[in-house]
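Protein chains get the first letters and strands the later ones, always in sequence-line order, with residue 1 at the start of each.
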Amino acid sequence: DAKTTQPNSMESNEEEPVHLPCNHSTISGTDYIHWYRQLPSQGPEYVIHGLTSNVNNRMASLAIAEDRKSSTLILHRATLRDAAVYYCILRDEAPGTYKYIFGTGTRLKVLA
Amino acid sequence: DAGVTQSPTHLIKTRGQQVTLRCSPKSGHDTVSWYQQALGQGPQFIFQYYEEEERQRGNFPDRFSGHQFPNYSSELNVNALLLGDSALYLCASRLRAGNTIYFGEGSWLTVV
């Protein structure tokens with residue numbers, strides 16, 4: 001199973017951009033990169049996903065390295081509500097498989 | 001549009017007992033998966049159900065079993081509970097051809 005590596009924790013000031021890195025050096029050609037976040041006492045919440053190209057949505061941007069061995073989740077303006085554990089996940093697209101492999105994630109602290 | 005709903009939200013069981021957790025998928029979703037999340041860890045994949053059959057299983061013992069009903073709802077059963085089974089149990093659903101899974105808020109199980 002492919003795995004991801006993330007820093008255990010990061011801090012950001014409110015209203016500043018945040019770049020959350022993820023390494024996935026063993027990624028295969030069919031693995032999608034997904035990001036979820038988990039607020040305290042809640043289930044994980046979908047943030048964004050991509051395969052090869054950079055992606056943008058209303059929550060964040062996902063920058064994927066050309067060799068796909070790393071990616072960065074970008075929160076353009078952090079708010080206090082963005083304080084959560086952020087998980088970078090690989091999803092195996094091989095036929096018959098569909099499981100997410102979570103690591104321990106990055107705990108983001110946003111300072112007022 | 002209701003999201004993924006799980007019940008009960010919290011429960012306490014004694015070692016050796018059995019527990020059943022329930023999940024209703026997001027409207028229109030037909031595939032359900034279950035995850036176990038121990039304190040301070042990322043969620044771990046237990047198994048996935050589609051068309052009322054277990055399609056894929058993670059590294060969990062046979063004490064963990066499940067079921068999917070014709071209305072796509074699902075149950076997770078754990079027999080002979082151990083103290084180490086204390087965790088947050090998450091249900092996630094998706095469309096069979098979809099790219100994204102959606103998580104419920106989870107069921108907190110404490111085994112004493």
* Examine B/Y50 and A/Y100 and state if one hydrophobic cluster contains both, with Ile, Leu, Val, Met, Phe, Trp and Tyr joined whenever side-chain heavy atoms are less than 4.5 Å apart. => no
* Asked: Can you list the residues that meet the ring pair (Phe, Tyr, Trp, His ring centres under 6.0 Å) rule with A/Y86, with sequence neighbours excluded?
  -> none
* Structure fact -> Within residues 57-85 of chain B, the residues sitting under 4.5 Å from chain A by heavy atom, in sequence order, are none
* Asked: Considering only heavy atoms from C-beta outward, does the side chain of B/T100 approach that of A/Y36 to under 4.5 Å?
  -> yes
* To do: Give the cluster check for B/W108 versus B/V111: same hydrophobic cluster or not, with ILVMFWY residues linked at side-chain heavy-atom distances below 4.5 Å.
  => no
* To do: Would you confirm whether B/Q6, through its side chain, and B/S24, through its main-chain N or O, come within 3.5 Å as a donor-acceptor pair?
  => no
* Just give me the residue among A/P44, A/G43, A/S41 that pairs up with chain B most often, heavy atom to heavy atom, under 4.5 Å. => A/P44
* Residues in residues 60-80 of chain A near chain B [non-hydrogen atoms, under 4.5 Å] -> none
* Let me know if A/Q38 has heavy atoms under 4.5 Å from chain B in its side chain, its backbone, both or neither. => side chain
* Asked: Has the side chain of A/H49 got a donor or acceptor atom that lies under 3.5 Å from a matching backbone atom of A/H34?
  -> no
* To do: Is it possible for you to say whether A/Y87 and B/F45 belong to one hydrophobic cluster, with membership spreading through side-chain heavy-atom contacts below 4.5 Å?
  => yes
* Asked: Any donor and acceptor pair, going by atom type alone, linking the side chain of B/Q17 with main-chain N or O of B/T14 inside 3.5 Å?
  -> yes
* Is it possible for you to say whether A/W35 and A/I27 belong to one hydrophobic cluster, with membership spreading through side-chain heavy-atom contacts below 4.5 Å? => yes
* Asked: Counting distance only, does the side-chain N/O of A/N57 pair as donor-acceptor with the main-chain N or O of A/M59 below 3.5 Å?
  -> yes
* Give a yes or no answer on whether the side chain of A/T106 reaches the backbone of A/P7 with a donor-acceptor pair at less than 3.5 Å. => yes
* A/K109 side chain near A/R107 side chain, heavy-atom distance below 4.5 Å -> no
* Asked: Between A/Y46 and B/W34, is there a shared hydrophobic cluster once you connect ILVMFWY residues whose side-chain heavy atoms come closer than 4.5 Å?
  -> no
* **Donor-acceptor side-chain pairing of B/Q18 and B/T20 below 3.5 angstrom** => yes
* So which residues of residues 86-93 of chain B are in contact with chain A at a heavy-atom cut-off of under 4.5 Å? -> B/L88, B/L90
